[in-house]
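Side-chain atoms are counted along with the backbone in the values below, which use heavy atoms only and exclude waters and symmetry mates. Letters A, B, ... mirror the listed sequences (proteins, then strands); counts begin at 1. A quick note: this is a predicted structure, and the numbers were derived from the prediction, not measured.
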Amino acid sequence: MYNQILSSLNEFVDNDLSFGSDQKKTLLNKHKLTLTDSLQKGHWTTNLCLIASNLIKTNPRDIASALILRLESKPEIEKVELAGPGFVNIFLTREAFFNQLDDAYNNPNSFVGSSRSPKEKIQIEFVSANPTGPLHVGHGRGAAYGDAIGRILQRLGHEVSREYYVNDAGRQIDILACSIFLRKFEFFDDDAFPGSAYKGSYILDIAETLEIDLVLTQEEKEVLIDNLPDNDEEKIDELIKRIKTFDSNNWSLLRDFGLGYVIKSIKKDLTEFKVIFDNWFYESSLGELADKKSEISLALNQVKKEHAYEKDGAVWLESTKFGDDKDRVIIRDDGRGTYLSADLAYHRNKLDRGFDTIINVWGSDHHGYIRRIEATIEAMGYSKKQMKVQLVQFANLFENGSKVKMSTRSGNFYTLKQLIDDIGSDASRFYYLSKQADQHLDFDIGIARSNSKDNLYYYVQYAHARICSLEKKYLESGKILPSKFNNANFDDCDKLLQMALGAQFIIKSAGDNLQPHLIVYYLRDIAQSFHQFYNNVNILNAEELEQNNILRALMIVKSVIASCLELLGIEPLEKM
RNA sequence: GCGCCUGUAGCUCAGCUGGAUAGAGCAACGGUUUUCUAAACCGUGGGUCAGGAGUUCGAAUCUCUUCAGGCGCGCCA
């Protein structure tokens, strides 16, 4: 129905208006056909006359009469009204109203307005937490978000690839290995454990699991920790250097084991959270600068030709030429690459893989980095428009009104795994997605866990479960679920149905704007409409023709709720 | 100092690619169950959409500005 009315509107602009072609073009771009928010305004409404009258400085009513005439000639349209400042409200016949719902239900993949966004090959890179410890609740938000937009974009017909970028090449991994080493050979008391080393209990687990063919004498141990620098950062770097030199074979064994262990546990947590990546990209696969043929060398050489210079012994990228605040070092004065140099090569690799769009989901503390990476992309000859960066703010957890400590000096923190064990993957996702990603989120686990009316998650699930229960009872009475609406003169369901029809627009908008929270709020609204309806109408004792339509309506509402939940990665509950 | 984000009901927030009387939940108060799941529903009160100016037929939404709060500005990752 949407497409039919829309083409009537476009025909009207083409044929009935004596506008210049530029004006027509503007008009065709700007006018909108939308579902009404209240049935008093009909089913569909358009602002076309408002826009048109503004273009030629006339009264909307002068334009509306011809449009109304054209629309009213269509058999599906019962009446058309001019309302408010110049909106044209369209009332469908009962049959047309029902038909569009049956169509939507029977063809869940045909999408309103989908022709407007061409199918794209999209890559989403998210989580990408350093593999130095378990995922915490902050990572959980990024995971829920990245996966949800992936699901939504897939629903809109795009080809989506999910990727995790593993920073397995830097100093952080050395620190991980060092921490394991120190625990394995019981170097320090907890109090004296170096401030920059990882202190979490998972390090002890790794150390315990590690089998290593090495015995240290007391003297060797004392040499290793003799006369260390006071500064935390210098201390850990010195320790790494000494352990590496002491036994380089066992060092790399330790490093690989620690890395493998942590990545395995991250994968396990993500799987439990129903987040599956198509690709795990290892920073180390970009190779080393020393290797002239490695990917990272090739990428750097490419930008060095035209957009870099040497200063103070380092190589600088002229990122200011591409809008950055200052130029950036890509090769340090000691010959090592920077984080940016690896990221530069990584983005080159991604863009060369032929994605139309790459989406980077980053923690919001990286926002200063956006312009830099955009400059890098342009320096390599790509368009920065191919990349979108979506920032995700940290989530604060609360319990009974007080903040849950995210991290403590002892290295213990509330992990994603604990959250999932505590309130479940589905409720966690629901609350993670309940606010725009780039804004602070306060998340009360007490409420998420509770069976109370405060718990929005259950409010939505309850609507779905109630419909399931009604259908079950209905079927038990020997009837079968209706396959279409009849023409009973009964309109109590209309508000609910009008809202159900809106799902496709919400999903479209959530995908185009990368905002899954729109779906959360939509779910709340439709659940509310359903609960209201449920309390007003005695469904199982309704008169037969009416009952047919009610059941049909509820099938549609149920399917809408279920598919919206699934887009958020949440399993709809059949009973509660 | 520069950049980004935020400011909407007592609280937590929707609405922001301009549209019809600014919404929801919680909190407060008062109701609804011999009937399909009361994890529900109904009602009442509560707003200078931070302040100011501008653009427009029309502004919470766009522009400028002031104020308040948060974050980011490494040869860290």
A.B. asks: Quick one: sort the Trp362(A) and His347(A) rings into parallel, tilted or perpendicular, breaks at 30° and 60°.
C.D. replies: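 Ring orientation of Trp362(A) relative to His347(A): perpendicular.
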
A.B. asks: Give a yes/no on whether any side-chain N or O of Gln528(A) is located under 4.0 angstrom from OP1 or OP2 of rG25(B).
C.D. replies: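 So the side-chain polar atoms of Gln528(A) do come within 4.0 Å of the phosphate oxygens OP1 or OP2 of rG25(B), strictly under.
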
A.B. asks: Is the aromatic ring centre of His366(A) closer than 5.5 Å to the centre of the six-membered base ring of rA77(B), with the two planes inclined by less than 30°?
C.D. replies: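 Aromatic stack with rA77(B) present for His366(A).
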
A.B. asks: Can you tell me how far P in rG19(B) sits from the matching atom in rU61(B), rounded to whole Å?
C.D. replies: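 So the two P atoms sit 10 Å from each other.
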
A.B. asks: Measure from the side-chain heavy atoms of Asn54(A) and tell me the nearest of rC57(B), rA40(B), rA77(B).
C.D. replies: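 Of the options given, the side chain of Asn54(A) lies nearest rC57(B).
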
A.B. asks: Using atom C1' in both nucleotides, what's the gap between rC13(B) and rC49(B) to the nearest angstrom?
C.D. replies: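 Each nucleotide's C1' atom is 13 Å from the other's.
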
A.B. asks: In terms of side-chain heavy atoms of Lys41(A), which of rA20(B), rA14(B), rC76(B) is nearest?
C.D. replies: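 The answer is rA20(B).
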
A.B. asks: Closest-nucleotide mapping onto RNA chain B: is Lys435(A) or Ala527(A) further toward the 5' terminus? I mean the 5' end.
C.D. replies: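 By nearest-heavy-atom nucleotide position, the 5'-most residue is Lys435(A).
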
A.B. asks: Mind checking Val315(A) for me? I need base, sugar-phosphate or nothing, with any heavy atom below 4.0 Å counting as a touch.
C.D. replies: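 Nothing, no nucleic acid heavy atom in range.
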
A.B. asks: Is the shortest distance from a Lys or Arg side-chain nitrogen in Arg372(A) or Asp325(A) to a carboxylate oxygen in the other one below 4.0 Å?
C.D. replies: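 No salt bridge links Arg372(A) with Asp325(A).
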
A.B. asks: What I want to check is whether an N or O donor and acceptor connect the side chain of Thr45(A) with the base of rA20(B) at under 3.5 Å.
C.D. replies: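 Answer is yes: a donor-acceptor pair is held.
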
A.B. asks: Between His517(A) and rG15(B), does any side-chain N or O lie under 4.0 Å from OP1 or OP2?
C.D. replies: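 The answer is yes; a side-chain N or O of His517(A) sits under 4.0 Å from OP1 or OP2.
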
A.B. asks: With no angle test and no hydrogens, is the base of rG3(B) tied to the side chain of His367(A) by a donor-acceptor pair under 3.5 Å?
C.D. replies: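 Yes, the side chain and the base share a sub-3.5 Å donor-acceptor pair.
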
A.B. asks: Given rG15(B), rA38(B), rA39(B), identify the nucleotide with an atom nearest to the side chain of Tyr458(A).
C.D. replies: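 Out of rG15(B), rA38(B), rA39(B), the nucleotide with an atom closest to Tyr458(A)'s side chain is rA39(B).
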
A.B. asks: Counting side-chain heavy atoms from C-beta on, which of rC57(B), rC36(B), rC75(B) comes nearest to Ile539(A)?
C.D. replies: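 Out of rC57(B), rC36(B), rC75(B), the nucleotide with an atom closest to Ile539(A)'s side chain is rC36(B).
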
A.B. asks: Quick one: label Ala463(A) by what it contacts on the DNA or RNA (base, sugar-phosphate, nothing), any heavy atom closer than 4.0 Å.
C.D. replies: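 It contacts nothing in the nucleic acid.
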
A.B. asks: In the structure shown, which nucleotide is the Watson-Crick or G-U wobble counterpart of rG74(B), with both distances under 3.5 Å?
C.D. replies: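 Checking every strand shown, rG74(B) finds no partner, since no pair has both distances under 3.5 Å.
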
A.B. asks: For the side chain of Tyr369(A), starting at C-beta, report the closest nucleotide among rC41(B), rG3(B), rA77(B).
C.D. replies: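 Of rC41(B), rG3(B), rA77(B), rA77(B) is nearest to the side chain of Tyr369(A).
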
A.B. asks: Of the candidate nucleotides rC75(B), rG74(B), rC36(B), which contains the atom at the shortest distance from the side chain of Leu540(A)?
C.D. replies: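 Output: rC36(B).
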
A.B. asks: To the nearest Å, give me how far apart OH (Tyr459(A)) and P (rA39(B)) are.
C.D. replies: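 These atoms are roughly 13 Å apart.
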
A.B. asks: Let me spell it out: for each of Lys473(A) and Asp327(A), pick the nucleotide of RNA chain B with the closest heavy atom. Which residue's pick is nearer the 5' end?
C.D. replies: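 Mapping each residue to its closest nucleotide by heavy atoms, the 5'-most match is Lys473(A).
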
A.B. asks: Considering every strand shown, what is the Watson-Crick or G-U wobble mate of rU32(B) when both distances are under 3.5 Å?
C.D. replies: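 Here rU32(B) is engaged in a pair, and the nucleotide opposite it is rA40(B).
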
A.B. asks: Pick the P atom in rA40(B) and in rG18(B), then give their distance to the nearest Å.
C.D. replies: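 Between the two P atoms, the distance is 37 Å.
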
A.B. asks: Hey, does the side-chain of Asp442(A) have a donor or acceptor N/O within less than 3.5 Å of a partner on the base of rU12(B)?
C.D. replies: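 It does not, because no donor-acceptor pair links the side chain of Asp442(A) to the base of rU12(B) below 3.5 Å.
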
A.B. asks: Please determine, for rU12(B), whether a Watson-Crick or G-U wobble partner exists with both distances under 3.5 Å, and give it or none.
C.D. replies: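 rA24(B) - that is the nucleotide pairing with rU12(B), both distances being under 3.5 Å.
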
A.B. asks: For rG7(B), which nucleotide is its Watson-Crick or G-U wobble mate, given both distances must be under 3.5 Å?
C.D. replies: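 rC67(B) is the nucleotide pairing with rG7(B).
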
A.B. asks: Rounded to whole Å, how long is the line connecting atom CG of Leu518(A) with atom C1' of rC16(B)?
C.D. replies: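 Taking atom C1' of rC16(B) as the reference, CG of Leu518(A) is at 11 Å.
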
A.B. asks: What is the separation between atom CG on Asn536(A) and atom P on rU32(B), rounded to the nearest whole Å?
C.D. replies: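 Result: 17 Å.
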
A.B. asks: Name the nucleic acid region contacted by Tyr339(A), choosing base, sugar-phosphate or nothing; use a 4.0 angstrom heavy-atom cut-off, strictly under.
C.D. replies: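 Result for Tyr339(A) = base.
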
A.B. asks: Gln439(A) CD to rA14(B) C1': how many Å, rounded?
C.D. replies: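 Checked: the CD to C1' distance equals 11 Å.
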
A.B. asks: Rounded to whole angstrom units, what separation is found between the NZ atom of Lys32(A) and the C1' atom of rG19(B)?
C.D. replies: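 That distance rounds to 8 Å.
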
A.B. asks: Can you find a donor-acceptor N/O pair under 3.5 angstrom joining the side chain of Asn89(A) to the base of rA20(B)?
C.D. replies: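 Checked by distance alone, the answer is yes.
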
A.B. asks: Establish, yes or no, whether the cationic atom of Arg466(A) lies under 6.0 Å from the six-membered ring centre of Tyr534(A) and within 45° of the ring axis.
C.D. replies: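 Judged by the rule, Arg466(A) and Tyr534(A) form a cation-pi pair.
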
A.B. asks: Return the pairing partner of rU56(B) with a 3.5 Å limit on both distances, Watson-Crick or G-U wobble; otherwise return none.
C.D. replies: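 Pairing partner, where one exists within any strand: none, as none qualifies.
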
A.B. asks: Start with the C-alpha gap between Phe322(A) and His307(A), add the side-chain angles, then the distance that decides, and say whether ring-ring contact (aromatic ring centres under 6.0 Å, His included) holds.
C.D. replies: CA-CA 10 Å; Phe322(A) 304 97; His307(A) 307 303; 5.0 Å; yes

A.B. asks: Output, in order, the C-alpha distance, side-chain angles, deciding distance and verdict of side chain to side chain donor-acceptor pair (under 3.5 Å) for Asn349(A) and Glu295(A).
C.D. replies: CA-CA 8 Å; Asn349(A) 177 296; Glu295(A) 239 186 297; 2.8 Å; yes

A.B. asks: If you take the centroid of each ring, where Trp contributes its six-membered ring, are Tyr431(A) and Tyr457(A) closer together than 6.0 Å?
C.D. replies: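 That pair fails the under 6.0 Å test.
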
A.B. asks: Could you please name the partner base of rG46(B), counting Watson-Crick and G-U wobble pairs only when both distances are under 3.5 Å?
C.D. replies: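 None - no nucleotide pairs with rG46(B), as no candidate has both distances under 3.5 Å.
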
A.B. asks: Please report whether the ring centroid of Tyr432(A) lies less than 6.0 Å from that of Phe443(A).
C.D. replies: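 Yes, the ring of Phe443(A) comes within the 6.0 Å limit of the ring of Tyr432(A), centre to centre.
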
A.B. asks: For the side chain of Leu470(A), counting heavy atoms from C-beta on, which of rC36(B), rG19(B), rG15(B) is nearest?
C.D. replies: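 In terms of side-chain proximity for Leu470(A), the closest of rC36(B), rG19(B), rG15(B) is rC36(B).
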
A.B. asks: Rounding to an integer number of angstrom, what distance separates rU8(B) and rC16(B) when you compare their C1' atoms?
C.D. replies: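 Approximately 11 Å lies between the C1' atom of rU8(B) and that of rC16(B).
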
A.B. asks: rA20(B) base stacked by Phe87(A)? Criteria: ring centres under 5.5 Å, plane angle under 30°.
C.D. replies: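 By the stated criterion, Phe87(A) and rA20(B) stack.
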
A.B. asks: Quick check against the 3.5 Å criterion: does Asn47(A) have a side-chain atom that pairs as donor or acceptor with the backbone of His31(A)?
C.D. replies: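 Absent.
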
A.B. asks: Do any side-chain nitrogens or oxygens of Arg372(A) fall under 4.0 Å of OP1 or OP2 in rG72(B)?
C.D. replies: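 For Arg372(A), the contact criterion (side-chain N or O under 4.0 Å from OP1 or OP2 of rG72(B)) is not met.
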
A.B. asks: To the nearest Å, how far apart are Asp525(A) CG and rG25(B) P?
C.D. replies: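 Going from Asp525(A) (CG) to rG25(B) (P), I get 9 Å.
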
A.B. asks: Using 0.5 Å steps for rounding, measure from the CD atom of Gln436(A) to the OH atom of Tyr145(A).
C.D. replies: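 Gln436(A) atom CD to Tyr145(A) atom OH measures 9.0 Å (nearest 0.5 Å).
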
A.B. asks: Establish, with yes or no, whether the OP1 or OP2 oxygen of rG74(B) is under 4.0 angstrom from a side-chain nitrogen or oxygen of Lys326(A).
C.D. replies: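 Answer yes for this pair, as a side-chain N or O of Lys326(A) is under 4.0 Å from OP1 or OP2.
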
A.B. asks: Give me the ring orientation class for Phe505(A) and Tyr2(A): parallel if the planes are under 30° apart, tilted from 30 to 60°, perpendicular past 60°.
C.D. replies: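 Correct class here is perpendicular.
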
A.B. asks: Sticking with atom P, work out how far rG23(B) lies from rA60(B), rounded to a whole angstrom.
C.D. replies: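 The answer is 13 Å between these two P atoms.
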
A.B. asks: Measuring only the C1' atom in each nucleotide, how far is rU65(B) from rG7(B)? A whole number of Å is fine.
C.D. replies: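 It works out to 16 Å between them.
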
A.B. asks: When the distance from CG of Asp312(A) to P of rG74(B) is rounded to whole Å, what number comes out?
C.D. replies: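 Atom CG in Asp312(A) sits about 16 Å away from atom P in rG74(B).
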
A.B. asks: Base, sugar-phosphate, or nothing for Asn538(A), non-hydrogen atoms under 4.0 angstrom?
C.D. replies: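 Base: the residue Asn538(A), judged by heavy atoms under 4.0 Å, touches a nucleobase.
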
A.B. asks: Rounding to a whole Å, what distance do you find between Arg61(A):CZ and rC57(B):C1'?
C.D. replies: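 Atom CZ in Arg61(A) sits about 13 Å away from atom C1' in rC57(B).
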
A.B. asks: Within the pair Arg332(A) and rC76(B), is there a side-chain N or O less than 4.0 Å away from OP1 or OP2?
C.D. replies: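 Yes.
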
A.B. asks: Tell me what Lys57(A) touches on the nucleic acid: a base, only sugar-phosphate, or nothing, going by heavy atoms under 4.0 Å.
C.D. replies: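 Lys57(A): backbone/sugar contact only, no base atoms under 4.0 Å.
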
A.B. asks: OP1 or OP2 of rC13(B) less than 4.0 angstrom from a side-chain nitrogen or oxygen of Arg524(A), does that happen here?
C.D. replies: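 Answer is no, no contact under 4.0 Å.
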
A.B. asks: Check every strand shown and say whether Tyr534(A) touches a base, only sugar-phosphate, or nothing at a heavy-atom separation below 4.0 Å.
C.D. replies: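 Contact class for Tyr534(A): base.
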
